[in-house]
Each structure stands twice: as structure tokens, then as C-alpha cells.
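Only one structure is covered here, and it is reproduced in the block below.
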Amino acid sequence: MHEPDIHDLSDDADYAAASKQGSSSMSRTDSSKRSSSSDPEDAEIVYLKDNVTIHPTQYATERISGRLKLIKQGSSLFMTWIPYKGQSSNARLSERDKNLYTIRAIPFSDIQSIRRHTPTIGWQYVIVVLSSGLAYPPLYFYSGGVREFLATIKQHVLIARSSEDANVFLVNNFQDPLQRTLSSLELPRSLAKGSPSSSFKGTPSDERLDKGTLEDNQLSNNIQQNNRQRQKNHDPARDISIQVLEKFSLVTRFARETTSQLFRESLVDGHGPAEKRRNNWASKDHQRQEIASNDVDDDVPKRVPVASDPLEFEKLSLVWGQPRQHPLGLEEWSTFLDSEGRVGDPNALKKRIFYGGVEHNLRKEVWGFLLGYYSYDSTYAERQYVVSVKKSEYETIKNQWQSISPEQAKRFTKFRERRGLIEKDVVRTDRSLSFYDGDDNPNVRLMHDILLTYSFYNFDLGYCQGMSDLLSPILFIMKDESEAFWCFVSLLERLGPNFNRDQNGMHSQLFALSKLVELLDAPLHNYFKQNDCLNYFFCFRWILIQFKREFEYEKTLRLWEVLWTHYPTEHLHLYVCIAILKRHRVKIMGEQMDFDTLLKFINELSGQIDLDPVLRDAEALCVCAGENGAASIPPGTPPSLPLQDGSIYQQQDDEVL
Amino acid sequence: MPSRRRTLLKVIILGDSGVGKTSLMNQYVNKKFSNQYKATIGADFLTKEVEFEDRLFTLQIWDTAGQERFQSLGVAFYRGADCCVLVYDVNVQKSFDDLNNWREEFLIQASPSDPENFPFVVLGNKVDVDGGNSRVVSEKKARAWCASKGNIPYFETSAKEGINVEEAFQVIAKNALKSGEEEEIYLPDTIDVGSTSQQRASGCDC
């Protein structure tokens, strides 16, 4: 949840002011003077936390920091969150915006639940859901204190953990826990996304905001009215979140009833009864082939008996996944094209490539389709036209930075820093490959130019480490600067969120991965859970750059073209992760690896992974997981295209993470 | 846990992208330098056995990605650190200016029990470059900064030439050990757990 580079931080008035606030408010008494003077006299502040911040957008400059308080008045508990004054240097964040987000003495009787998020990666935050079903945007606790916050509430208000989700705390009323859990997944941003409602008008300053808040519940009433209106309108985003949750509960049930049950049986009998198997695995009709879940590390002494793989008992009868085929060659390729060069049946083509990849000399042409640079129904002539139009478009964008004079660059810190980062990284990307080796290699220069141009094409995302790893094979195949650029652009349409400042894209993938392992290998999941490894951070590099550092170059090219077919799923890479983990599950659990050891072990697998069997396993696991697998992956999880057009880098997954 | 603490010393290396974090770690552990390191993605660590006052310790040295965008991931790695090494490139002003951010970010994310006294060591790396002619941060300036932050030990290093690397890590190990031992006083066997270790045990779970 941070900014791309340090310059941004120093630039950021909110951050700077927040740090200042933070240090001065260490002594609570003096920092609370101002606000306590405006609190009603008989009210008592029972909790106060500075640097509690909302992120209306992903940009650091558009964060709003403020002070969170719990106020006890009589027998009622109220929550307030007041933004700090006068920090916003950003024109896009007006005082009005601050007013919009300000929480003025919401009584706990109006709060339905509080959802706690304590990711291992990033700041902890809570989402407060009102009885009306509306939720405030996530409140990020920059200086910690979530636990204390909840503990304080517990002292004054009846709260209980939801039986469905230990991170959901139900307030006041526990009649219908499932219902409440459902609503706790309400879009946290619905307030932000809604039209700046009239109910928030007319409160010009923070001073005013703080005043008379307790006796005036009008605002929260307004909020609720506003909510009801909103609920009447069909809010697709809201529906999505509920669907997701419903799917998750399905997953949980599935995992409980199927996987763990089978696991238990296999512990007792060694093998589960075949009938059961057929009933439980929905996708029994698929071709089956042995899942190579045998451990490949047989020579390692096993210290601990390891729970058996819930899928392993199926081994004898399993014939999943088709054997890998030879790569698509020129002759066969021509059968996919009509006389003018259109691909008649894109799905057949994708399926073919999924099972065999593409011969090297065809890659330049075929990758263009797979990545979306060419459309499948384009003719030879149309593609030629696209290439020339895109070329001049590329030159135009490139010219934007090329025309920056040295004098201008002196006054353009962000440009210099971005360029500096790219310069540092291109000279350490695949330099052992002859295509990129040697001093003054022109291809290294091309990589530099493309990345810098991309950082202008997508200035918001900019440049991030890992991008050079993604570009390198594309340039290697496309050879042409402009074509490589546009293919890279297409790839980042899907993978861009991997590099988001708040790491949201990575969050959602690691989260989905953990759900899938829970579904497909409950014992391994439980092992990770017990050993504090559920953040799946040891798979970070795999996912961020699509296994680029794990395979030799040629194998990476093969893997990528297979992944890009999006057959049988857009998220095959997650199943690839699981396939690799499963191959080493006995070693991981048998040697009782802790997080550090596991991370080291995974890092050292680089160059040791056999691609073809892993791909077969991944396909088998995907088929095996079926719809439950698909339901474990939140909508919009990369490499799925973002849910909404025009807001590619907006966060989408907060409500499920 | 206490017995593990006694032998394992965890060190985190932080600093801007390209200042030489991976190189320093490899020079110290493997006595090797390569021009071809890749940008670190995620995190990795190397271990080295060190002997100190007749006891054997395992120094676990964590190398992390230098781009600030990945900084928030630190929570997963910084926990339980015994010493933090801040690296900058003496030829790059910004990498020096950023030391303060790295230090503060580390303290926030690792939330050590006693932030005031948590051991840092600062390394000004790449002193070999261009015979020192391209240098922009003077030793004096760097030492002044270190002094202002509670007398942080400072070394001028070259991972490439192996200059001062061994010496620096000796001090790093020593300080890590010191901080580890202070923790230990509260940890073993007693039921009445001191507040310091309690905080420590809870990590950044606050």
C-alpha cells in the first residue's frame, strides 16, 4: 500500500502531514485537546488513533488521513473519523471530498458489523458496515491499533465474531449471522463511487464537522436515506460482491464436505471408496491421466509423517490432462487461416496451442494474436495496416520523452528517476542471452526505450521492477520495437495490476491461490495455516513475472504462450503454482519447513522445474477444481481483464481480501 | 523459540534499487562479485555461520527488492529482525536522501520492541566507482547523518572490490547479537513475561 518511489512520498502532503501528526500525537493528551474541546462535555474519548487513512484512489497524493475516535456518551458508543485539516495540496481532493468521507459520530446502534483485514502484506484496515448495508471505505491504520480498536469496542458494546468468518465482528444483533456476513462484504467503496450526495453538503470546515456531532444524528440518518436510495438502484458492483461471497461459501462447503472428508477417509483406509469419489468430483467425465503427485524428492529423509494428498488416492484411475503435443508448425498453422488470413476458429487454435505451444519461427505471428495485438478476424491486409498505424502511434508517444531537453529534465525529477530505474534494470535483464549480451547492445537500448515509452503511455502505472522481465521475451520474439511495445501493452492490460502501488493485483492472486490450495489440498493448506505461510508470499516471484525466473528462457516462452491461450482458464498460472507445490508437498510438510525455509526452498527451485509434467498437472487440477475452482478466484483477478472499463487500475478486491 | 533466537541472527538489508544490496550480501557470504545480478523480485536470503565469543551463530541475511513500490511487503520479512543494514550508493544523492525513509519504514513495519535502540548499520557502497571521482555524498555528510540518528555505525564499502565488507558485517553481526541477547533476557522460561518481549512476540500484529 505504498507509493512507487520515494520522491512521491516527499511530494505527498498527506503523507508528510500524517507523519508529523503521528509523531506529535504520541502523547495523546495534548493532541486530543482540540477535538476534545469540541466534543460534548459529558462525552468521554475511550479510543483515539491518529493516522487512520482512507485511500479514495490508489494514489498516495489522494489519501486522506485523519483521527479515529470512539466516544462514550451515556450508554452509547459513537465512532468518529475526522480528516486532518489543510493537508490536501491536491486539486482533486477538495474539502468537499473530505466532508464526503468524514464520519461524524455514528452511533454503534447504526453499525451492523466491522470487518477486520489484517493482511501480512500491507496495512491493516477495517471496513465498517452500517445497518443500512452501506459500508464506509476501508480505514487503514497506518500506526497499527486495529486490535486495540476492537478491544475497546468490546468493552462498551456487545460484539461477537461471525460464525462464518472470524474477521467479521457483528455488532448488537446476532440473529442472522449469515445475512450479516453477507452484508459485511458490501462494497466498501459504494460511498465513494456514489454521486457526491447532497446530504454531505454545507459543512465547510473540520471545526464545524466536529461540533455538535453527538446530538445530531441527522447526518447518519441522511446517510441511511442515501443508502436506501442507492440500494433501490441496481448496483452491479454490489451484486458482484455478494455473488463472490456466495461462491466462497460454496467453496468452503465443498472443501469441508468433499476434500477434508475424503482426506479423513484416506487416512483411515489408505484409499477412499471409489463410489464416493465419483459422487464428489463433478468433473469425472473428463479424460483422465495420472496426476504426477508423487513426490520427486524421495531421497530426502522424512522426519514427520505427512497427511496424504487428497487427490493422490485417485492416482490409479486418474487419466487427466492430455499428453503434451508437438508445437504448432507452419503447415498446420495455415489450416487455421482462411484465404485472406483470418483465423476461422480461434478457440480451436487456442486449444491446439495450449497442448503444444508454437514453433519458434511462428511465434512472432501467433503471439500477436494471443496477446491481442491482432484480432483473430483480421485479414493479412488489415494486420499490415494495423502495424503501420501503430508504428506511427508508437513514435508519437516515444517522442514525448525524447523531446525532453536536458534542461527540462533537470526540472523533471519524476522523469529522471523513472529513467534511472529503467536504466538500472535493463542492464541486468537476461544479459546472459546472446540477444541481450555485450556492451552497448542495441536490444538493451530498445528495451530501455520501450519501457520508458510505456511509462509515458501509462503514466499512472509508470515503471516497476519486473516489467523488464516481462518485456524481454516479447522483444526477443517480435524483434520490432513498435510491435514489441504494443504486445507489451496488451500483456499489461492484464498483468498491469501486478504492479499496482497498493499491490492489489498481487493480493488477489495470492488470495485466490490460498483458496485453491484449500480446495485441492486441504492438508497442505492446513500445514501452511499452522506455519504462518498462508500469505503465500513464497509464490510472489512466480506470479509477479509469470515464472520468468523459474524456467530456462525457451521454456518460459512455451509456458507463456500456453498461459496466454486462456484455455481452459485465464488463471492457469495459479494451478501451475499448485502443481509445483504439490510435487514437493511431502518434502515441505515432512521437513516441517517454516516460512523462511519454504521461501528459500521455493526460490531455489528456479531452474529445477520440469515444465511439461507441471502443465499437465495444472490442467488436471483445473479440471478437478471445476466450478469450485473458478469460484475461488475473485472477479477481476489478474490476468482477467479489469472489471470496469476506463478505470483499469482502480482497486476491485478490497471487499473480498 | 528462545533457543532458536540464540543461534539465529536475522539481518535485513534495505536501500534504493541498484545500490548493491545483493552484491554486498554475496560478497560477504560467497566472496564473489558478479556484474550480472538480476533485480531482486520479492525477497531472498543467504545464511552464514559466524563465530563470536566462542559461540556459533547463523547469520540470516535478507535481501529485498529496492523499488519502493514493494516496500509494503516488508511486513512479512522484517518481523523478528535483529539488525537492519541501510545501504546507499555514494555516487547517487537520492539513494542517500532516501535512507531516512527506509529507516522509518523499517521501524513501522518491523515494529521492534525498542525502536529507539534498534541497531542499524549504514553502508555507503560503490566507493570504487571511477576512482571516487563520481562521488556525490561525502563521508562527512554520511557520518553526520548517522550521528544524528543515534550514532549508527557507518562503513564505506565496495562490494565489487570487497572493501570493508567483512568489517562491516562483523559489526552487523555483533550488533544483531547484542539486540538478540537483550530480547532473550525476557524470554526464557519465566512466567512473568516482561512487557518488552511481549511486544516483540506480538510482532506487528497490533
Side-chain angles (χ1 to χ4, degrees), chain A residues 1-10 19 118-124 141-148 413 416-417 420-421 423-425 427-432 462-466 468-469 499-503 506 535 537-542 544-545 548-549 595-596 599-600 603-604, chain B residues 4 8 10 15-20 22-23 34-47 58 60 62-80 89 92-102 104-105 107-109 111 199 202-206:
Chain A
M1 318 261 153
H2 248 267
E3 297 69 45
D5 46 57
I6 284 171
H7 180 74
D8 276 5
L9 268 182
S10 52
S19 343
T118 51
T120 321
I121 309 168
W123 308 113
Q124 303 188 345
F141 286 61
Y142 276 23
S143 315
V146 169
R147 192 197 278 169
E148 189 195 345
T413 310
R416 287 198 319 274
E417 285 175 5
L421 266 177
E423 281 167 357
K424 279 206 167 92
D425 282 355
V427 297
R428 43 181 182 167
T429 304
D430 296 321
R431 296 303 295 283
S432 55
Y463 172 75
C464 181
Q465 287 191 329
S468 66
D469 280 283
F499 303 102
N500 272 1
R501 286 143 218 249
D502 60 9
Q503 296 292 311
M506 290 303 296
N535 59 29
F537 201 86
F538 45 89
C539 296
F540 187 84
R541 187 174 75 194
W542 289 1
L544 186 83
I545 50 175
K548 166 70 166 34
R549 303 263 180 105
F595 178 81
D596 294 355
L599 180 100
K600 187 82 188 155
N603 280 348
E604 287 180 350
Chain B
R4 189 170 160 269
L8 185 76
K10 184 170 175 178
D16 277 9
S17 171
V19 295
T22 308
S23 297
S34 160
N35 273 321
Q36 303 224 331
Y37 290 124
K38 298 177 173 199
T40 306
I41 302 281
D44 202 356
F45 64 84
L46 291 179
T47 54
T58 305
Q60 187 189 53
W62 283 78
D63 178 28
T64 56
Q67 191 169 4
E68 209 232 332
R69 205 173 297 202
F70 296 119
Q71 223 178 58
S72 64
L73 308 169
V75 180
F77 301 125
Y78 300 171
R79 206 178 302 182
D89 177 347
V92 180
Q93 181 67 39
K94 183 177 180 292
S95 70
F96 176 71
D97 298 339
D98 286 344
L99 288 183
N100 206 37
N101 283 318
W102 284 110
E104 285 180 5
E105 195 60 35
L107 288 175
I108 290 171
Q109 296 204 29
S111 53
Q199 259 178 301
S202 64
C204 58
D205 199 11
C206 53

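Here is how names work: the chains are called A, B, and so on, in the same order as the sequence lines, proteins then strands, and each is numbered from 1.
Proximity to chain A (any heavy atom under 4.5 Å) is restricted, for Thr40(B), to the backbone atoms N, CA, C and O. Of the two parts of Ser432(A), the backbone and the side chain both hold a non-hydrogen atom closer than 4.5 Å to a non-hydrogen atom of chain B. Residue Tyr37(B) touches chain A through its backbone alone, counting heavy-atom pairs closer than 4.5 Å.
Side-chain atoms of Ser95(B) come within 3.5 Å of backbone atoms of Asp89(B) as a donor-acceptor pair (strictly under, hydrogens ignored).
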What verdict does the salt bridge (charged side-chain N to carboxylate O under 4.0 Å, His left out) test give for Lys94(B) and Asp98(B), after you've listed the backbone C-alpha separation in whole Å, the side-chain angles of each residue and the deciding distance to 0.1 Å?
CA-CA 6 Å; Lys94(B) 183 177 180 292; Asp98(B) 286 344; 2.7 Å; yes

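Proximity of the aromatic rings of Tyr463(A) and Phe499(A) is defined here by a centroid distance below 6.0 angstrom, and this criterion is not met.
We find that Asp44(B) and Arg541(A) are not joined by a salt bridge, their nearest charged nitrogen and carboxylate oxygen being 4.0 Å or further apart.
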